[in-house]
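Have a look at the structure below before the remarks.
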Amino acid sequence: MSVKKEPDKGLKPLVVKEGEKVVMRFAPNPNGPPTLGSARGIVINSEYVKKYGGTFIIRFDDTDPQTKRPMLEAYDWYIEDCTWLGAAPDKVVIASDRIQIYYDYAEKLIEMGQAYVCFCEGGDFKNYKDAKEACPHRDESVEVNLHHWKKMIANEYEEKVAVLRIKTDIKHKDPAIRDFGAFRIVKMPHPRPEVGNKYVVWPLLDFEGAIEDHELGMTHIIRGKDLMDSETRQTYIYKYLGWDYPKTTHWGRIKIHEFGKFSTSGLRHAIEEGEYSGWDDPRLPTLRAMRRRGIKPEAIRKFMIEMGVGETDVSISLDTLYAENRKLVDLTANRYFFVWDPVEMEIQGAEPRTATPPLHPTEDRGHRTIEVGTKMFICKDDTESLEVGDKLRLKDLYSIEITSLTPLQAKHTSDSMDTVIKGEKRIRIIHWAPIDGAPVKVLAPHGEFNGIGERQIANELDNLVQFERFGFCRIDSVDHEIVAYFAHK
RNA sequence: GCUCCGGUAGUGUAGCCCGGCCAAUCAUACUGGCCUUUCAAGCCAGCGACUCGGGUUCGAAUCCCGGCCGGAGCACCA
């Protein structure tokens, strides 16, 4: 008999042994700032730890000084962004500080006859491997291998000459498993000054991760399914050393419509070229950019948790994230007028006056005040298809009728809302900005908008506001002009 | 070439392990309506899916086999 469960909100339960304290980790290579992709790993792992009351570790897998060279600032950025996401780590480990530990285990495995120094050139090893044959170095004695290994770490070989391999099963039906590389020689100094050129032999991910996951007492691992074969490879190390492998779950690739495919190194290059203003450019999928745009960490958490940990590759739109964020900020964001592509309009027959639109349509938070003379700005968009005789309602001000298109002129017709006929003949309500308003620039993923806004926007530094009929924006600076970062509609 | 994994509405997800309660959940998107001094929010309604073919069974989204499609690994990247 099967028992139907309640629709399970949130994450699937973890298999936890009795008395076991959950330890999980997020293990990035800090070669750039965390992105929305990283957020998945950060949120899901930390959420599980929260759920089960365990330890959340951030481990920097920074063992490649060359190809995926770590970025010094990024170490702090990860901690910063994790904390922002409500996932402050209980412990931080940096792999490049722990190379000696990996050397010790390497030596141990060599002594056990389960690792060997391979001198195969170019594609030689691949040929042996594809033929399911051992290369000549595989059967060297422990003494010889130990000797070669010592020479390796003593910097007596050039790059690409020698590599330490872990013995698996050279006849394994899956070629991906056969005798994988564990250490290689890289002479480029590590970017961290405390490491520098201390080492020339660096562990590969499968080795470093295997050792660390055990050293740090990991109970559960969640990672991308591109690392699925890692478990099979690493299990050989665990078997040799008599360890238990953590419980592993995988998730599929995640692709975000709005950003398409991107790589950290590609973004870095584009930033250096000046294509983007920096790592927090609103067009980028980094967490720094999200934060600057006013996306709340809670929205990202919900979004990631809702997505769960399926093995299917997902191709998602940020609409859901934006909807989540809108729910969080709608009640607190004050409303303002921002006129993009402003067009000047003169009103005939209107006395100067003070408009007092509410700061929020439903929440009672008071009013803003705008002095209005005989001229104002409206959006160019709203003037397209406009004809003489058209009636418009200027929001929170009065109704007008267009009397001329060039120059744009209108006459005041009524203060009363009665002129805004209900039903199908309802006239258009548009927003406007005072002639002496403040210059506003909005930086959005889809472009830059320049225009005029209410002066009081300057009081909202760092707040998320809604520019009516435009969208939610975070006020980023108010110095010479007001600069806002666009969050979403 | 060898090996592994996956395929539920436009998108994401629940259900699959343990077959019947599934004419399939929720969210988002979209459409229409209500409300409204924003193209926002809110409320109501609608739309829309089990990859295909066989098998097992009284009964299959769920189990088995095959096809098709997609993704991944076989790096001195992570």
Side-chain angles (χ1 to χ4, degrees), chain A residues 1-9 12 27-31 61-64 66-70 95 118 120 122 125-126 129-130 132 159-165 172-178 180-186 201-202 204-206 208-209 223-230 232-233 250 252-255 257 264-265 302-303 306-308 310-324 326-327 329-331 333 335 337 357-358 360-363 381-382 393-399 417 420 422 426-431 466-472 488-489:
Chain A
M1 280 291 277
S2 73
V3 182
K4 287 284 175 191
K5 283 172 247 162
E6 287 297 303
D8 203 0
K9 277 288 153 210
K12 286 197 183 76
N29 174 13
N31 61 339
D61 284 348
D62 59 343
T63 55
D64 176 12
Q66 194 155 36
T67 316
K68 289 191 176 171
R69 190 171 173 79
C118 173
C120 284
F125 180 78
K126 182 171 166 44
K129 182 185 68 181
D130 288 347
K132 298 187 181 179
E159 287 188 2
K160 300 201 181 268
V161 168
V163 51
L164 187 80
R165 294 189 182 283
H172 198 284
K173 63 172 181 171
D174 183 351
I177 306 306
R178 301 170 199 156
F180 62 93
F183 288 83
R184 86 302 204 186
I185 301 169
V186 180
V201 171
W202 292 91
L204 272 333
L205 181 70
D206 279 334
E208 180 263 332
R223 60 186 170 200
K225 67 177 183 181
D226 49 319
L227 263 29
M228 244 172 183
D229 292 335
S230 283
T232 317
R233 284 192 287 259
H250 298 97
R253 301 292 271 197
I254 172 170
K255 198 170 83 189
H257 290 313
T264 306
S265 53
K302 268 193 154 178
F303 179 67
E306 165 69 18
M307 193 154 63
E311 274 190 28
T312 39
D313 297 328
V314 295
S315 180
I316 47 150
S317 155
L318 252 24
D319 282 344
T320 318
L321 172 67
Y322 295 156
E324 211 62 70
R326 197 179 294 120
K327 283 176 198 163
V329 301
D330 186 50
L331 253 33
R335 268 56 170 175
F337 291 150
H360 194 279
T362 57
E363 303 298 291
D381 287 352
D382 289 323
R393 176 72 184 190
L394 296 174
K395 189 166 187 292
D396 300 305
L397 189 60
Y398 46 61
S399 302
M417 272 301 281
V420 181
K422 308 281 179 187
R426 190 170 188 217
I427 73 170
R428 211 141 51 101
I429 298 168
I430 65 167
H431 70 291
Q466 189 204 43
F467 289 150
E468 299 197 45
R469 305 209 303 147
F470 184 76
F472 291 87
H488 47 73
K489 285 206 69 149

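Keep in mind that what you see is a predicted model, and the values were worked out from it rather than measured. Reminder, nothing fancy here: chain letters follow the sequence lines and each chain counts from 1. No hydrogens, no waters, no symmetry mates; every other heavy atom, side chains included, goes into these values.
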Inset, instruction - Select base, sugar-phosphate, or nothing to describe what A:D381 touches, counting heavy atoms under 4.0 Å on all strands. - result: nothing
Inset, instruction - Keeping the roles fixed (side chain from A:R326, backbone from A:K489), state whether a donor-acceptor pair exists under 3.5 Å. - result: yes
Legend entry - Touch class at under 4.0 angstrom, heavy-atom based, for A:P357 against every strand present: nothing
Legend entry - A:K255 vs B:G71: side-chain N/O to OP1/OP2 distance below 4.0 Å: no
Legend entry - Sidechain-backbone polar pair: A:R184 side chain, A:A182 backbone, donor-acceptor under 3.5 Å: no
Inset, instruction - Ignoring the backbone of A:E468, work out which of B:G73, B:G7, B:U38 is nearest its side chain. - result: B:U38
Legend entry - Pair assignment for B:C74, Watson-Crick or G-U wobble, requiring both distances under 3.5 Å: B:G1
Inset, instruction - Mark yes or no for a side-chain to base donor-acceptor pair under 3.5 Å between A:E324 and B:U28, with no hydrogen or angle criteria applied. - result: no
Inset, instruction - Report yes or no: is there a donor-acceptor pair, N or O only, under 3.5 Å between the side chain of A:D226 and the base of B:G71? - result: no
Legend entry - Which nucleotide in B:U38, B:U28, B:G73 has an atom nearest any side-chain atom of A:D229: B:G73
Inset, instruction - Could you tell me which nucleotide pairs with B:U31 by Watson-Crick or G-U wobble geometry, both distances under 3.5 Å, or answer none if nothing does? - result: B:A45
Legend entry - Side-chain N,O (A:T63) to OP1/OP2 (B:A78) below 4.0 Å: yes
Legend entry - Expected output: side-chain A:R165 to main-chain A:R178 donor-acceptor under 3.5 Å: no
Legend entry - 5′-ward residue of the pair A:H431/A:E311 relative to RNA chain B: A:E311
Legend entry - N/O (side chain, A:K327) to phosphate O (OP1/OP2, B:U28) under 4.0 Å: yes
Inset, instruction - Return no unless some side-chain N or O of A:R184 is found under 4.0 Å from OP1 or OP2 of B:A78. - result: yes
Inset, instruction - For A:D313, answer base if it contacts any base atom (sugar-phosphate contacts may also be present), sugar-phosphate if it contacts only those atoms, and nothing otherwise; contact means non-hydrogen atoms under 4.0 Å. - result: sugar-phosphate
Inset, instruction - Could you let me know what B:U37 is paired to, Watson-Crick or G-U wobble, both distances under 3.5 Å, or none if it's on its own? - result: none
Inset, instruction - Examine B:A78: is either OP1 or OP2 under 4.0 Å from a nitrogen or oxygen in the side chain of A:R223? Give yes or no. - result: no
Legend entry - Selection from B:G71, B:U28, B:A40 that lies nearest to any side-chain heavy atom of A:T320: B:U28
Legend entry - A:D206 side chain to A:F180 backbone, donor-acceptor under 3.5 Å: no
Inset, instruction - Please work out if A:S230 contacts a base, only the sugar-phosphate, or nothing of the nucleic acid, heavy-atom cut-off 4.0 Å. - result: nothing
Legend entry - Interatomic distance where CZ belongs to A:R326 and P belongs to B:A40 [whole Å]: 9 Å
Inset, instruction - Would you please confirm or rule out a distance under 4.0 Å between OP1 or OP2 of B:U13 and any side-chain N or O of A:K12? - result: no
Inset, instruction - Ignoring backbone atoms, test whether A:K129 places a side-chain nitrogen or oxygen under 4.0 Å from the OP1 or OP2 oxygen of B:U3. - result: no
Inset, instruction - Please give the nucleotide sitting opposite B:G7 as a Watson-Crick or G-U wobble pair, both distances under 3.5 Å, or none. - result: B:C68
